[in-house]
Amino acid sequence: MKRRISILLVAVMAIGLLGGCKDKFSPNENAVYIKKDGSVIAYTVEDFSEDYYDQAELTSYIDEEIEAFEAEEEGSVKLTSFNVDENGVAHMVMKYDSCETYSAFNNVTLFSGSVAEAVAAGYLFDDDFYTIDGGESADASSASGDVSSDAVKSLLESKCVITDEALLVKINGGITHVSATGGKILSEDQARSTDWGGLTYIIY
């Protein structure tokens, strides 16, 4: 299913909504930043060179989408900023009050919680994992060793992020493990998932 957020970005492009992002984290790719309070800042980066849409219709569409969602769900969604860089690339930032709200609004999976909570929620952790020392790149040559699914599931008090999107994930903490399929460590607090549709697990 096409992500709702991409549709909204096209709409924002058409109506020329401009703003500035005050967050120091400013990625140049699709990303989510899961903050300490559990809220999610989502960054969408798209290249749109044409405007095929009517401003009034799209203004109404954005209002209706957010209002309809918030009428049906308890979560809060806000468009916080939009700008176009010198190359014509659009950068949109949206804030969600939780991973659950993000998942529901965009029809994707984004889980954040303890490993124990993830296991209780039915996540299988059915992959091998790299264990990372000091935020090194997670690949076969630099990982300090392969770790089994059972070993990671035993880390009940550790926190984890689980996503089925291909995007950059920033967390508050030091990443210790990432699933071998589609996961890559970029730094102590950032990892990338490249596996659309498959689950990537980030442990910290």
Side-chain angles (χ1 to χ4, degrees), residues 1-6 8 23 25 27 29-45 66 69-70 72-78 80 92-132 135 138 143 147-204:
M1 183 178 296
K2 188 173 182 180
R3 294 177 67 210
R4 190 191 312 246
I5 194 169
S6 294
L8 288 180
D23 203 305
F25 178 59
E29 61 185 287
N30 292 342
V32 291
Y33 173 20
I34 302 174
K35 304 188 75 174
K36 190 174 182 179
D37 64 2
S39 63
V40 178
I41 309 298
Y43 303 80
T44 303
V45 180
I66 295 177
F69 177 83
E70 293 185 340
E72 297 174 359
E73 307 284 346
E74 294 183 358
S76 171
V77 182
K78 295 180 180 179
T80 61
M92 183 171 72
V93 182
M94 296 184 72
K95 182 175 181 179
Y96 303 81
D97 63 352
S98 68
C99 288
E100 291 81 5
T101 297
Y102 177 92
S103 297
F105 189 82
N106 294 295
N107 300 299
V108 296
T109 296
L110 182 65
F111 174 91
S112 177
S114 69
V115 171
E117 290 169 335
V119 171
Y123 290 101
L124 301 177
F125 292 78
D126 51 350
D127 199 350
D128 288 329
F129 287 77
Y130 292 129
T131 179
I132 308 304
V147 179
S148 69
S149 171
D150 288 341
V152 169
K153 285 192 290 186
S154 70
L155 303 173
L156 297 179
E157 296 184 2
S158 291
K159 296 180 181 180
C160 66
V161 171
I162 304 169
T163 180
D164 64 356
E165 294 184 274
L167 80 176
L168 176 67
V169 177
K170 175 177 169 61
I171 52 90
N172 277 288
I175 297 171
T176 59
H177 303 77
V178 65
S179 50
T181 304
K184 185 176 181 63
I185 295 289
L186 302 180
S187 65
E188 185 180 45
D189 63 353
Q190 295 180 39
R192 180 180 288 118
S193 169
T194 61
D195 189 16
W196 262 109
L199 294 178
T200 297
Y201 297 80
I202 301 165
I203 316 300
Y204 64 101

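Residue numbers count from 1 along this sequence.
Of the possible donor and acceptor atoms, one in the side chain of Glu70 sits under 3.5 Å from a partner among the backbone N and O of Val77. In this structure, Thr80 contributes its side chain and Val93 its backbone to a donor-acceptor pair below 3.5 Å. Side-chain atoms of Asp127 come within 3.5 Å of backbone atoms of Thr181 as a donor-acceptor pair (strictly under, hydrogens ignored). The closest donor-acceptor contact from the side chain of Asp164 to the backbone of Thr109 lies under 3.5 Å. Of the possible polar contacts, one joining the Asn30 side chain to the Val45 backbone as a donor-acceptor pair under 3.5 Å is found. With hydrogens and angles ignored, the 3.5 Å screen pairs no side-chain donor or acceptor of Tyr43 with any backbone N or O of Leu168. Judged by distance alone, with hydrogens and angles left aside, the side-chain atoms of Glu117 form a donor-acceptor pair with the main-chain N or O of Ser114 at under 3.5 Å.
Atom CZ of Arg192 and atom NZ of Lys170 lie 14.0 Å apart (nearest 0.5 Å). Note that CG of Asp97 is 13.0 Å distant from NZ of Lys35, once rounded to the nearest 0.5 Å. Taking CD from Gln190 and CD1 from Ile202, the interatomic distance works out to 10.5 Å, rounded to the nearest 0.5 Å. Atom CG of Leu110 is separated from atom CD of Glu100 by 8.5 Å, given to the nearest 0.5 angstrom. For the atom pair CD1 of Ile162 and OG of Ser179, the computed distance is 9.0 Å after rounding to the nearest 0.5 Å. With values rounded to the nearest 0.5 angstrom, Met94 atom CE is found 10.5 Å from Ile41 atom CD1.
By the 4.5 Å heavy-atom criterion applied to side chains, Ile34 and Cys99 are counted as neighbours. Within the 4.5 Å cutoff, the side chain of Asn172 has no heavy atoms near those of the Asp189 side chain. Side-chain contact between Lys184 and Thr194 is absent, with no heavy-atom pair separated by less than 4.5 Å. Looking at Phe105 and Glu73, their side chains never come closer than 4.5 Å, going by heavy atoms from C-beta outward. Taking the side chain as every heavy atom from C-beta outward, Val108 and Tyr102 approach each other to under 4.5 Å. Glu165 has its side chain within reach of Trp196: a pair of non-hydrogen atoms, C-beta onward, lies under 4.5 Å apart. Using a 4.5 Å heavy-atom threshold, the side chains of Leu199 and Phe111 count as separate. Between Tyr201 and Asp126, some side-chain heavy-atom pair lies under the 4.5 Å cut-off.
Side-chain atoms of Asp150 and Ser148 include no donor-acceptor pair closer than 3.5 Å.
Both the sub-6.0 Å distance and the 45° axial angle are not jointly satisfied by Lys159 relative to the ring of Tyr204. Under a cutoff of 6.0 Å and an axis angle of 45°, Lys153 and Phe125 do not form a cation-pi pair.
Scanning both residues, Ser187 and Ile175, for their nearest heavy atoms gives O-CD1, 4.1 Å. Nearest approach of Ile203 to Ser158, heavy atoms of both residues: CG2-CB, 3.9 Å.
Among the candidates Ser112, Ser103, Ser193, the single residue satisfying the side chain to side chain contact (heavy atoms under 4.5 Å, CB included) test with Thr163 is Ser193.
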*asked:* Let's go through Asn106 and Tyr96 carefully: what are the C-alpha distance in whole Å and the side-chain angles of both, what is the deciding distance for side-chain contact (heavy atoms from CB on, under 4.5 Å) to 0.1 Å, and is it a yes or a no?
replied: CA-CA 11 Å; Asn106 294 295; Tyr96 303 81; 3.2 Å; yes

